[in-house]
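Predicted model, so just to flag it, every value in this text is computed and none were measured.
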Amino acid sequence: MLDVDSSKERNLKRHDMPILGTLLKRGIRIRESLEQEYANPYDLQKTVLKELLISASQTQFGKHYFFKEVLNKFKSFEKKGFYEKFKQVVPIHNYNKMYAEWWHKLKDGQSNITWPGKVKYFALSSGTSESTSKYIPITKDMKKAIQKTSIRQILTLSRYDLPSESFQGGILMLGGSTQLNNRGSYFEGDLSGIQAAQLPFWFQHFYKPGKRISQTRDWDEKLNEIAQNARDWNINIIVGVPAWIQILMEKILDHYHVNNIHDIWPNLNVYVHGGVSFDPYRKGFAKLLGRPIHYIETYLASEGFVAFQYKPGRKSMRLVLNNGIFYEFIPFVDANFDESGEVNSEAKTLMIDEIEDGKEYALLLSTCAGAWRYLIGDVIKVVSKEEAEIVITGRTKHFLSLCGEHLSVDNMNKAIEMVSDQLNIEIPEFAVAGIPHQSLFAHHWFIGTDDKVDSDAVKQLIDSNLKELNDDYAVERTAALKDVIVDILPLKSFYSWMESKGKVGGQNKFPRVLKGALLEDWNSFINQK
């Protein structure tokens with residue numbers, strides 16, 4: 001809805017929308033079959049790397065790391081000659097290395113550093129694992145790539161057998177403010193704000209909450225305005241981080257004194273989520289809905305749009321293989337990573353044709369935003385090599401392995417989901433820390449719920465569930481992992497801490513694993529409370 005539409009304009013648009021919806025649905029069936037359906041993943045990725053190297057060959061980075069020598073290898077009959085040369089000349093980069101050696105120059109307004117031209121936008125990462133935000137460059141090419149993949153995801157909705165009304169209403173995208181910070185030579189802000197501020201003109205008609213509300217910096221004010229306008233909008237699709245979407249829906253129900261969100265948005269059929277596992281929120285969402293809807297997972301990071309769920313009924317996502325991102329896969333084993341989750345300089349890396357179903361890998365990205373062999377920090381499991389389908393299982397630094405228990409965020413999410421079902425309670429937020437205990441170790445869980453529950457019952461169930469889910473954990477509970485400690489906290493504690501860190505709304509998520517200074521800060525916060 002445009003914020004100042006006249007009733008005549010509004011009625012005209014509502015009249016036009018069924019036609020537009022029909023055209024979209026027909027266009028979907030033509031276009032989706034052309035995208036990444038009938039090509040070999042290896043061939044797609046080889047082409048992407050060549051295009052990236054050609055584009056960046058005249059940049060400071062490209063000259064420093066001899067991109068032309070790598071490009072010459074593409075002419076060789078040796079199948080992997082180009083990739084072996086690429087690995088030989090370009091080292092693996094984490095954020096600190098990439099920023100210290102190259103990206104800091106972009107903030108000074110310098111051109112042709114790691115990608116052609118100047119960079120006018122930087123996405124501030126959510127920073128769940130670090131105390132300070134990261135500045136991730138967003139180039140014109142990356143903005144176009146993200147928009148293109150976003151459209152691809154919308155087009156896959158034809159697979160979901162949705163009613164025609166699902167293509168006629170609005171898409172509510174709850175992200176950061178589109179009012180970006182002007183730093184002279186560049187703008188900075190939330191990625192969702194950068195993208196929303198530059199939506200293609202044809203999409204503006206569908207986009208809610210609209211330009212004016214989306215520019216609001218104050219999070220509570222933004223949620224209140226959305227709630228006040230909610231009844232005027234025909235929302236079919238919601239996009240956003242689960243915690244903040246749940247808070248918004250609760251606010252809308254309270255504002256209108258209704259039982260469920262379908263009393264306000266009867267045509268709501270799809271929720272697109274990402275950033276964290278949806279499993280801990282599933283029970284809470286069900287209570288806010290009048291009927292079941294489709295949940296579609298997406299993998300949109302500040303570094304690029306990596307993957308999305310492209311078929312109904314699957315929890316896996318399909319990597320986007322032909323849109324400005326080249327992937328490398330590091331087997332997530334002790335030989336390739338140290339105890340803190342940092343990658344070893346000599347870590348083995350693989351192309352997409354070398355990965356195996358059921359195995360876990362850390363992702364390296366080379367992108368059209370000028371990231372090169374960049375450790376994004378996520379760990380994925382390959383579900384289908386042939387279809388390039390993956391699930392996210394955690395972060396390289398968010399695995400707990402104090403004594404060999406190898407506990408992943410995926411294990412944690414599943415265990416909490418099981419506890420939620422076993423006790424019939426909602427646990428939307430949680431975190432866990434590994435701590436010294438007596439002469440050995442323990443896990444300290446912080447459980448966020450507003451339901452009344454006995455902490456000993458939660459402790460016993462978490463422990464037994466993890467023993468069932470993870471053999472290494474079961475072994476260590478008889479050895480070095482001596483205890484499980486559980487604190488039950490109100491949900492407000494988690495959101496208040498996020499607010500105290502300036503990380504409210506948008507793409508911000510509460511960290512599932514607390515370590516070091518982050519753990520000290522959290523303990524200090526809850527002790528004060």
Side-chain angles (χ1 to χ4, degrees), residues 45 48-49 52 56 61 64-65 83 86-104 106 113-115 122-138 142 191 275 299-307 319-320 324-352 354-355 359-382 390-399 401 408-410 507 509 511-513 515-516 518:
Q45 281 286 275
V48 166
L49 179 59
L52 292 172
F61 192 96
H64 182 80
Y65 287 115
Y83 183 52
F86 182 58
K87 292 194 293 184
Q88 176 188 335
V89 300
V90 183
I92 293 172
H93 290 76
N94 60 17
Y95 172 78
N96 291 335
K97 179 176 175 64
M98 201 79 216
Y99 182 84
E101 296 179 8
W102 302 99
W103 283 350
H104 75 277
L106 302 174
I113 304 301
T114 59
W115 194 252
F122 286 86
L124 300 180
S125 75
S126 56
T128 55
S129 57
E130 285 81 20
S131 58
T132 58
S133 291
K134 298 176 182 177
Y135 288 79
I136 308 298
I138 306 295
M142 179 53 76
L191 175 64
Y299 185 178
L300 171 57
S302 298
E303 292 84 358
F305 204 148
V306 175
L319 289 170
V320 180
I325 302 178
F326 175 73
Y327 305 96
E328 296 175 78
F329 303 83
I330 305 177
F332 194 61
V333 294
D334 291 344
N336 290 330
F337 292 85
D338 64 22
E339 292 180 355
S340 64
E342 294 289 349
V343 64
N344 297 328
S345 59
E346 301 301 319
K348 181 181 181 181
T349 63
L350 308 172
M351 270 189 72
I352 196 164
E354 301 170 291
I355 59 178
K359 296 290 183 67
E360 288 186 324
Y361 302 91
L363 279 181
L364 292 181
L365 306 183
S366 297
T367 76
C368 59
W372 296 101
R373 308 201 75 209
Y374 177 90
L375 185 71
I376 192 172
D378 291 321
V379 178
I380 59 96
K381 179 186 288 185
V382 179
I390 63 162
V391 293
I392 301 172
T393 57
R395 301 273 296 170
T396 56
K397 294 185 178 182
H398 283 194
F399 278 71
S401 195
S408 70
V409 174
D410 190 47
Q507 294 173 295
K509 294 89 62 178
R512 292 305 186 214
V513 177
K515 297 179 180 179
L518 206 62

Parallel, tilted or perpendicular, as decided by the 30° and 60° cut-offs, for the rings of Trp102 and His64:
perpendicular
Open item on the list: For Gly370, is there any backbone N or O sitting under 3.5 Å from a side-chain donor or acceptor partner on Trp103?
Closed with: yes
Rounding to 0.5 Å, atoms OH (Tyr83) and CG (Leu350) come to a distance of 6.5 Å
(Q) Does any part of the side chain of Ile330, heavy atoms only, come nearer than 4.5 Å to the side chain of Tyr361, both counted from C-beta? (A) no
In the structure I gave you, are the side-chain heavy atoms of Leu319 and Tyr299 within less than 4.5 Å of one another anywhere?
no
To the nearest 0.5 Å, atom CH2 of Trp372 lies from atom NE2 of His93 at 11.0 Å
Classify the angle between the aromatic ring planes of Phe86 and Phe326 as parallel (below 30°), tilted (30 to 60°) or perpendicular (above 60°). perpendicular
Discussion item. Quick one, Ile92 and Ser345 - any side-chain contact, counting heavy atoms below 4.5 Å?
Written reply: no
Rounded to the nearest 0.5 angstrom, the CD-CD1 distance for Glu360 and Ile392 is 12.0 Å
Rounding to 0.5 Å, atoms CG (Leu375) and CE (Met98) come to a distance of 12.5 Å
- Given side chains that start at C-beta, do those of Tyr327 and Ile352 come closer than 4.5 Å, heavy atoms only? no
Counting heavy atoms not belonging to Lys87, are there more than 12 under 6.0 Å from its NZ?
yes
Please examine the side chains of Leu49 and Met351, heavy atoms only from C-beta on, and report whether any two atoms are closer than 4.5 Å. no
